[in-house]
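Worksheet for the structure shown next.
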Amino acid sequence: MSLSAYISLFIVHFMAVAIPGPSFFFITQTAFKYGKRNALMATLGASLGVMVWITLALAGLIVLIRHIPLLHTLLTLAGSLYLLWIAQAMIRSAWASIRGAHRDDMRVADEPDMLKEDRALKRPPALWRSLGKAVLVELSNPKSMIYFSSVLSSFLSPNLALHDMLGVGIMMALIMPLWFVPVSLLFSTARARALYYRKACWVDMGAGIIFTLLSLHILHSLWS
């Protein structure tokens, strides 16, 4: 595989990763809500999910899935329902916050105390939970199946050497943290989190609506 092919694949995949999708919204919300450590674990989880898709694509299993309509339908249905489950949890949490909101008139000077109080009231989940949930979010997106099989089949030949397959897999997997680690660090800063906690209910509601629309779009694609 030539250097130009590696560079082209790097650019295509980096642009695809940078486009906001389920993993982006999950990681940024984790950074806002629970801070840097959980966001970085979510980034690792999303990267592991991508590694699964890459492994399946390189092994040719995704091609098999694309040729078995029922299997593809079941995986797509399961993924969309999982996204919908995450969406309803976000919306329910946001609605509960809206109903019980009592901090809208707080001054910026009070935000550090507010963050401290929120952390006391609702501690971040265990790191492994953020990691595991991010893996499931990444795997629940059926578009990843189509994306990886299409992109890799465009760049890779059937007679590709093993070291090139490993090189492509490692490069594509590393692009995830290359993008999402800075995103996690940016959205978990004190200023960003303070802004989030001022508008947390609306941010969560917006994220829930986005996940709902993504899920409904996927479900609609099954019957269109």
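- Side-chain contact between M171 and H13 is absent, with no heavy-atom pair separated by less than 4.5 Å.
- In the hydrophobic clustering of this structure, V137 does not group with V181; members are Ile, Leu, Val, Met, Phe, Trp, Tyr whose side-chain heavy atoms approach within less than 4.5 Å, directly or through other members.
- Note: I175 CD1 to L9 CG = 7.0 Å, rounded to the nearest 0.5 Å.
- For M176 against A46, the heavy-atom pair with the smallest separation is CE-CB, 3.6 Å.
- Relative orientation of the F180 and F24 rings is tilted, given thresholds of 30° and 60° on the angle between their planes.
- Residues F25 and L186 fall within the same hydrophobic cluster, defined by Ile, Leu, Val, Met, Phe, Trp and Tyr side chains chained together at heavy-atom separations under 4.5 Å.
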Yes or no on side-chain contact (heavy atoms from CB on, under 4.5 Å) for L131 and L48, after CA distance, side-chain angles and deciding distance?
CA-CA 9 Å; L131 184 147; L48 292 175; 4.2 Å; yes
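- The two atoms that bring A173 and P177 nearest to each other are O-CD, 3.1 Å, heavy atoms only.
- To the nearest 0.5 Å, the span separating CG on L84 from CG on L213 amounts to 10.5 Å.
- At least one side-chain heavy atom of E138 sits under 4.5 Å from a side-chain heavy atom of W53.
- Atom OH in Y6 sits 15.0 Å away from atom CD1 in I11 (nearest 0.5 Å).
- Cluster membership check: L136 shares its hydrophobic cluster with L56, using side-chain heavy-atom separations under 4.5 Å among Ile, Leu, Val, Met, Phe, Trp and Tyr.
- By the criterion of side-chain heavy atoms lying less than 4.5 angstrom apart, applied directly or through intervening Ile, Leu, Val, Met, Phe, Trp or Tyr residues, M41 is grouped together with L178 in one hydrophobic cluster.
- In this structure, L3 and I7 have side chains that are in contact, with non-hydrogen atoms separated by less than 4.5 Å.
- Judged purely by distance below 3.5 Å, without hydrogens or angles, the side chains of T30 and S130 never pair a donor atom with an acceptor atom.
- Expressed to the nearest 0.5 Å, how far CG of L216 lies from CD1 of I209 amounts to 11.5 Å.
- The two atoms that bring G45 and V135 nearest to each other are O-CG2, 3.1 Å, heavy atoms only.
- To the nearest 0.5 angstrom, F10 atom CZ is 9.5 Å from L174 atom CG.
- The structure places CG of N38 at 11.5 Å from CZ of R129, a figure rounded to the nearest 0.5 Å.
- Side-chain atoms of Q88 come within 3.5 Å of backbone atoms of W85 as a donor-acceptor pair (strictly under, hydrogens ignored).
- For the side chain to side chain contact (heavy atoms under 4.5 Å, CB included) test, residues two or more places apart in sequence or in another chain that qualify with S188 are A31, K36.
- In this structure a side-chain-to-backbone donor-acceptor pair under 3.5 Å is present from R193 to K33.
- Closest heavy-atom contact between S184 and I27: OG-CG2, 3.4 Å.
- A single hydrophobic cluster is not seen to contain both L185 and Y34; linkage of ILVMFWY side chains at heavy-atom distances under 4.5 Å, directly or through other members, places them apart.
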